[in-house]
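Just so it is clear, the values below take in all heavy atoms, side chains as well, and ignore hydrogens, waters and symmetry mates.
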Amino acid sequence: MEKTWRWFGPNDKITLGMLRQIGVEGIVTALHGIPNGDIWPLEEIERIKHMIEEHGMRWSVVESLPVSESIKYVGPDRDALIENYKVSLANLGKAGVKTVCYNFMPVLDWARTDLEYPNPDGTSNLYFNRAEFAYFDVRILKRPGAAEQWDALTIERMNRLAETMTPEKEAKLVENIVIKTQGFVSGNFSEGDANPVEKFRSLLKLYEGIDKDMLRENMKYFLEAVMPVCNEYGINMCVHPDDPPMPVFGLPRIVTCDEDIEWFLNAVPDEHNGLTFCAGSLSAGAHNDVVKFAKKYASRTHFVHARICTVMPGGDFRESSHLDPRLIDVIRTFETVRPDVPMRVDHAPLMLGDDKMGYNAGYSFHGRMLALGMVSGIMATIKQEKR
């Protein structure tokens, strides 16, 4: 697989020169300065592409060309936003950038409750505490009916948690769930938002009355609209699985399991409609067998995220080692069946001063460099075995 790295543009503290030195072959990036829904100009796409190529790499994957909320919940400007999306896709195609990762998660992108959960070896990882997430939902967000939607064990844990909760801890939960993981991903929030919880409530209201079937149809409508452009320019669209793979805050999630993946691939049976195989997102649900999924969906996978999660009793989950046997088996499948597919390591630990550098959550330098070394070793071993 092609070894790629998510780079956040010219202002990223991790430079293209640094990435070239550690063996990165392709860059995964986006035009981060352009507001969601606006057209990506061809000249700006070509400027970033040229910058990457000057450093001996290629722009392998766009992550992400965001799908505006209005497309997901069917706002009055849905069709106009889809037309803008099609123009952006065409401009990417003209520039020779042919793989686009996106997601169809309403309001919230990936979610964690702790961004620096301590490990025994002195590093730290992203962590999802189900009781803390429920606390945010029930006690901070105060979403109507929220308490009835959580299982009894989680509510019991949440009530025990409430006994030790402080205003400072509540503020940290808001920061972790809403600000630090969403601001640089979805664009819905930023560090300067005066009342992020109220803003979050207003976004949730946009989806009132929208269930899973309706969101599926909205996704199908979007994909059918953009496929002609994808076919014209040879662009592969690859949706990222929902993270975590379960309904959250009363919002439907539609890329969470085997049945969901089958549905969207069959609903729009075009070779350019495919999957971003994120083993981490899928493995955050105990109901998913990522090794089985890799074998089943390799032919419709256009991009791989190499990470893995461990689910604990009670539903908490944490990022696991990139040497996890499940991830090794996933990499083995793609190295055997789809060795041409771009792959990037993801959500690696904070280590060796990463925590002091102000990197985006989940996107450390030393942690990802270690992960890339591990995955590179796995790939080299598999290639040697095939000889």
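- A donor-acceptor pair is defined here as one N or O able to donate and one able to accept, closer than 3.5 Å; such a pair exists between the side chain of Asp211 and the backbone of Met214.
- Taking 4.0 Å as the cut-off between side-chain N and carboxylate O, Arg326 and Asp289 do not count as a salt-bridged pair.
- In the displayed structure, Lys386 atom NZ is contacted under 6.0 Å by more than 12 heavy atoms of other residues, nucleotides or ligands.
- For the residue pair Asp12 and Ile14, the shortest heavy atom distance occurs at OD1-N, 2.9 Å.
- Across every non-hydrogen atom of Pro244 and Val248, the tightest pair is CG-CG1, 4.3 Å.
- The closest side-chain donor-acceptor pair between Tyr221 and Asp79 falls under 3.5 angstrom.
- Between Glu262 and Lys296 there is a salt bridge, with a side-chain nitrogen of the basic residue lying less than 4.0 Å from a carboxylate oxygen of the acidic one.
- Ion pair Lys205/Glu208 not flagged as a salt bridge, since none of the NZ, NE, NH1 or NH2 atoms sits closer than 4.0 Å to an Asp/Glu carboxylate oxygen.
- Summarising the local packing, NE2 of His287 is surrounded by more than 12 heavy atoms from other residues, nucleotides or ligands at distances under 6.0 Å.
- Ring-centre distance between His240 and Trp110: not below the 6.0 Å cut-off.
- Between Lys292 and Asp258 there is no salt bridge, since no side-chain nitrogen of the basic residue lies less than 4.0 Å from a carboxylate oxygen of the acidic one.
- Pairing each heavy atom of Asn288 with each of Cys257, the nearest pair is OD1-CA, 3.4 Å.
- Lys172 has no carboxylate O lying under 4.0 Å from a charged side-chain N of Glu168, or vice versa, which leaves the two without a salt bridge.
- Note that the CG atom of Leu31 and the OG atom of Ser88 stand 8.5 Å from one another [nearest 0.5 Å].
- For Lys356 and Asp354, the salt-bridge test fails: no basic side-chain N is under 4.0 Å from an acidic carboxylate O.
- Although no hydrogens or angles enter the test, the distance criterion places a donor-acceptor pair under 3.5 Å between the side chain of Arg338 and the main chain of Thr301.
- Contact check for Ile71 versus Asn218: no side-chain heavy atoms found under the 4.5 Å cut-off.
- Here the OG-CG distance, from Ser68 to Asn84, works out to 8.0 Å after rounding to the nearest 0.5 Å.
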Quiz prompt | Verdict with reasoning, Lys142 to Val197, per side chain to side chain contact (heavy atoms under 4.5 Å, CB included) | solution = CA-CA 10 Å; Lys142 296 181 171 64; Val197 174; over 6 Å; no
Quiz item: What do the steps show when you test Arg307 against Ser281 for side chain to side chain donor-acceptor pair (under 3.5 Å), and what is the final call?
Solution: CA-CA 8 Å; Arg307 66 180 182 90; Ser281 297; 3.2 Å; yes
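- Taking a cutoff of 4.0 Å between a charged side-chain nitrogen and a carboxylate oxygen, Glu319 and Arg368 do not qualify as a salt bridge.
- The shortest heavy-atom contact between Asn36 and Pro66 is OD1-CG, 3.4 Å.
- If you check the side chains of Asp109 and Asn103, you find a donor sitting under 3.5 Å from an acceptor.
- Atom OH of Tyr127 sits in a crowded spot, with more than 12 heavy atoms from other residues, nucleotides or ligands closer than 6.0 Å.
- Here Tyr102 contributes atom OH and Leu89 contributes atom CG; the two are 10.5 Å apart, rounded to the nearest 0.5 Å.
- Linking ILVMFWY side-chain heavy atoms closer than 4.5 Å, directly or via other members, places Leu65 and Leu42 in two distinct hydrophobic clusters.
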Quiz prompt | Audit row: Val178, Phe136, side chain to side chain contact (heavy atoms under 4.5 Å, CB included) steps and yes/no | solution = CA-CA 10 Å; Val178 176; Phe136 174 86; 3.6 Å; yes
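- In this structure, a donor-acceptor pair under 3.5 Å is absent between the side chains of Arg130 and Thr113.
- Minimum interatomic distance between Thr154 and Ala134 (heavy atoms only, all atoms of both residues): CG2-CB, 3.7 Å.
- No donor-acceptor pair under 3.5 Å is formed between the side chain of Thr256 and the backbone N or O of Asp242.
- Counting only heavy atoms from C-beta outward, the side chains of Ile82 and Arg78 approach each other to under 4.5 Å.
- At least one side-chain heavy atom of Arg216 sits less than 4.5 Å from a side-chain heavy atom of Asp260.
- The environment of Lys212 atom NZ is dense: over 12 non-hydrogen atoms of other residues, nucleotides or ligands sit within 6.0 angstrom.
- Of the listed residues (His305, Arg253, Arg112), just one forms a side chain to side chain contact (heavy atoms under 4.5 Å, CB included) with Asp243, and that residue is Arg112.
- Salt-bridge check for Glu2 with Arg58: passed, with a basic side-chain N closer than 4.0 Å to an acidic carboxylate O.
- Judged purely by atom type and a 3.5 angstrom limit, Asn360 has no side-chain atom pairing as donor or acceptor with the backbone of Tyr363.
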Practice problem: Given side chain to side chain contact (heavy atoms under 4.5 Å, CB included), test Met227 with Met237 step by step and report yes or no. | Solution: CA-CA 9 Å; Met227 279 300 111; Met237 294 285 291; 3.9 Å; yes
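- Nearest heavy-atom pair across Ala131 and Arg157 is CB-CB, 3.6 Å.
- By the 4.0 Å N-to-carboxylate-O rule, Asp316 lies too far from Arg318 to be salt-bridged with it.
- To the nearest 0.5 Å, the span separating CD1 on Ile235 from NE2 on His302 amounts to 11.5 Å.
- You'll find the side chain of Leu223 stays beyond 4.5 Å of the side chain of Val239, heavy atoms only.
- Met369 and Leu327 fall within a single hydrophobic cluster, where Ile, Leu, Val, Met, Phe, Trp and Tyr side chains are chained together by heavy-atom contacts under 4.5 Å.
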Quiz prompt | Full working for side chain to side chain contact (heavy atoms under 4.5 Å, CB included) between Phe365 and Lys13 | solution = CA-CA 9 Å; Phe365 178 63; Lys13 295 178 181 179; over 6 Å; no
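- Residues Met165 and Leu173 meet the side-chain proximity criterion, which asks for heavy atoms closer than 4.5 Å.
- Trp40 places a side-chain heavy atom less than 4.5 Å from the side chain of Ile34.
- Of the inter-residue distances, the one linking Met57 atom CE with Met51 atom CE reads 11.5 Å to the nearest 0.5 angstrom.
- Between Lys49 and Glu46 there is no salt bridge, since no side-chain N of the basic residue sits under 4.0 Å from a carboxylate O of the acidic one.
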Exercise. Let me see the working for Tyr85 and Phe222 under ring-ring contact (aromatic ring centres under 6.0 Å, His included), right down to the final yes or no.
Key: CA-CA 10 Å; Tyr85 202 99; Phe222 164 73; 5.0 Å; yes
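- Of the charged side-chain nitrogens involved, at least one lies within less than 4.0 Å of a carboxylate oxygen, so that Arg201 and Glu198 count as a salt-bridged pair.
- With a 4.5 Å cut-off on side-chain heavy atoms, Val24 and Trp7 do not count as touching.
- Although no hydrogens or angles enter the test, the distance criterion places no donor-acceptor pair under 3.5 Å between the side chain of Thr123 and the main chain of Asn119.
- Between Phe128 and Phe133, the ring planes are tilted. Angles from 30° to 60° get that label.
- Note that CG of Asn125 and CD of Glu116 are 10.5 Å apart. Values are rounded to the nearest 0.5 Å.
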Quiz item: Checking salt bridge (Lys or Arg N to Asp or Glu O under 4.0 Å) for the pair Glu335/Arg332: CA distance, chi angles, key distance, verdict?
Solution: CA-CA 5 Å; Glu335 275 296 297; Arg332 186 183 302 280; over 6 Å; no
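- Within the 4.5 Å cutoff, the side chain of Ser364 has heavy atoms near those of the Leu350 side chain.
- Aromatic rings of Phe277 and Phe293 (six-membered ring for Trp) have centroids beyond the 6.0 Å cut-off, not under it.
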